[in-house]
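Note sheet for the following structure.
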Amino acid sequence: QVQLVESGGGLVQAGGSLRLSCAASGRTLSSYFMGWFRQAPGKEREFVAQITWSGGSTAYADSVKDRFTISRDKAKNTVYLQMNSLKPEDTAVYYCAADFRTLKLMSPDRILYWGQGTQVTVSS
């Protein structure tokens, strides 16, 4: 079992920044992909970004590329999502995710472990 606890969400104006954190505990994460997904009201959960725990390789959704940065701190067992230049359309509940079965890109229908989610609201 892997437990994931997100923090750092909140209300921010358009153009502002937020940093989300995801503290992981339980199993060793060396073979895991760690990712962030988001779900806006009335929409499906969508991929945002991912990072491999061991090598730190990253991937991003086109909608957040060049604005969001995913990183991890192995000593703290924590994954971060730095979100800059936020837009109202970034408003969603953001979920941390972990899976060791990912071959290339994480998919919301193939995730072993989810966090509880944290709300991000961007006002215009």
Side-chain angles (χ1 to χ4, degrees):
Q1 288 281 347
V2 174
Q3 291 78 43
L4 304 172
V5 179
E6 302 101 332
S7 61
L11 173 64
V12 64
Q13 288 189 332
S17 298
L18 280 175
R19 188 177 80 157
L20 305 183
S21 300
C22 172
S25 61
R27 292 180 178 273
T28 301
L29 299 174
S30 57
S31 60
Y32 276 74
F33 283 68
M34 304 294 295
W36 289 95
F37 290 76
R38 67 186 181 186
Q39 189 166 17
K43 295 189 176 181
E44 294 186 349
R45 193 168 297 189
E46 65 176 3
F47 170 80
V48 174
Q50 70 181 40
I51 188 168
T52 58
W53 189 261
S54 58
S57 297
T58 60
Y60 297 91
D62 287 343
S63 59
V64 306
K65 206 171 290 184
D66 300 326
R67 298 190 298 123
F68 291 9
T69 302
I70 189 170
S71 61
R72 87 275 192 247
D73 185 329
K74 289 184 174 181
K76 295 183 178 180
N77 250 31
T78 299
V79 177
Y80 302 99
L81 185 68
Q82 178 67 44
M83 306 185 294
N84 299 328
S85 302
L86 282 161
K87 305 175 181 180
E89 51 263 44
D90 294 318
T91 295
V93 177
Y94 283 70
Y95 296 90
C96 182
D99 201 292
F100 63 84
R101 305 165 299 171
T102 303
L103 297 178
K104 189 174 181 180
L105 279 181
M106 300 178 81
S107 173
D109 58 352
R110 192 172 167 77
I111 296 294
L112 271 177
Y113 304 108
W114 291 102
Q116 82 284 358
T118 185
Q119 177 71 47
V120 171
T121 303
V122 184
S123 64
S124 57

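Only this structure's heavy atoms are used, side chains among them; waters, hydrogens and symmetry mates stay out. Position 1 is the first residue of the sequence; numbering continues from there.
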Quick check: does any side chain N or O of Q116 sit under 3.5 Å from a backbone N or O of E6, one acting as donor and the other as acceptor? yes
What are the two closest heavy atoms between A59 and L105, and how far apart are they? CB-CD2, 3.7 Å
Given side chains that start at C-beta, do those of V64 and L81 come closer than 4.5 Å, heavy atoms only? no
Classify the angle between the aromatic ring planes of Y94 and F68 as parallel (below 30°), tilted (30 to 60°) or perpendicular (above 60°). tilted
Can you find a heavy atom in the side chain of R67 that is under 4.5 Å from one in the side chain of M83? no
For Y80 and D73, which heavy atoms make the closest approach, and how far apart are they? CE1-CB, 3.9 Å
Can you check whether S17's main-chain N or O pairs, donor with acceptor, with N84's side chain at less than 3.5 Å? no
Rounded at 0.5 Å granularity, tell me how far CE in M34 sits from OG1 in T58. 14.5 Å
Measuring from atom OH of Y95 to atom OG1 of T118, what distance do you get when rounded to the nearest 0.5 angstrom? 10.0 Å
If you count every heavy atom of other residues, nucleotides or ligands that lies below 6.0 Å from K74 atom NZ, does the total exceed 12? yes
Take a 6.0 Å sphere around CZ of R101 and say whether it holds more than 12 heavy atoms from other residues, nucleotides or ligands. yes
So, taking the atom named OG1 in T91 and the one named CZ in R38, what distance separates them when rounded to the nearest 0.5 Å? 9.0 Å
Of the options W36, Y113, W114, which is the one that meets C96 in a side-chain contact (heavy atoms from CB on, under 4.5 Å)? W36
Working to the nearest 0.5 angstrom, can you tell me the gap between D90 CG and T121 OG1? 11.0 Å
Give the minimum heavy-atom separation between L18 and G8, together with the two atoms involved. CD2-O, 3.9 Å
Within-4.5 Å side-chain heavy-atom neighbours: F100 and R27: no
Tell me the closest heavy-atom pair linking M106 and I111, and the distance in Å. CE-CD1, 3.6 Å
Sidechain-backbone polar pair: S57 side chain, T52 backbone, donor-acceptor under 3.5 Å: no
Straight-line distance of S124 OG to K87 NZ, nearest 0.5 Å: 14.0 Å
So, the side chain of N77 versus the backbone of A24: is there a donor-acceptor pair under 3.5 Å, distance only? yes
Gap separating the CZ atom of F33 from the CG atom of L112, nearest 0.5 angstrom: 13.0 Å
Does R45 qualify as a cation-pi partner of F37, given the criterion of NZ or CZ under 6.0 Å from the six-membered ring centre and within 45 degrees of its axis? no
Quick one: do V120 and F47 end up in the same hydrophobic cluster if we chain Ile, Leu, Val, Met, Phe, Trp and Tyr together by side-chain heavy atoms under 4.5 Å apart? no
For residues R72 and S54, report the shortest heavy-atom separation together with the two atoms involved. NH2-O, 3.1 Å
Residues L29 and W53: closest non-hydrogen pair is O-CB, 3.1 Å
Do the side chains of D62 and K65 get close enough for a salt bridge, i.e. N-O under 4.0 angstrom? yes
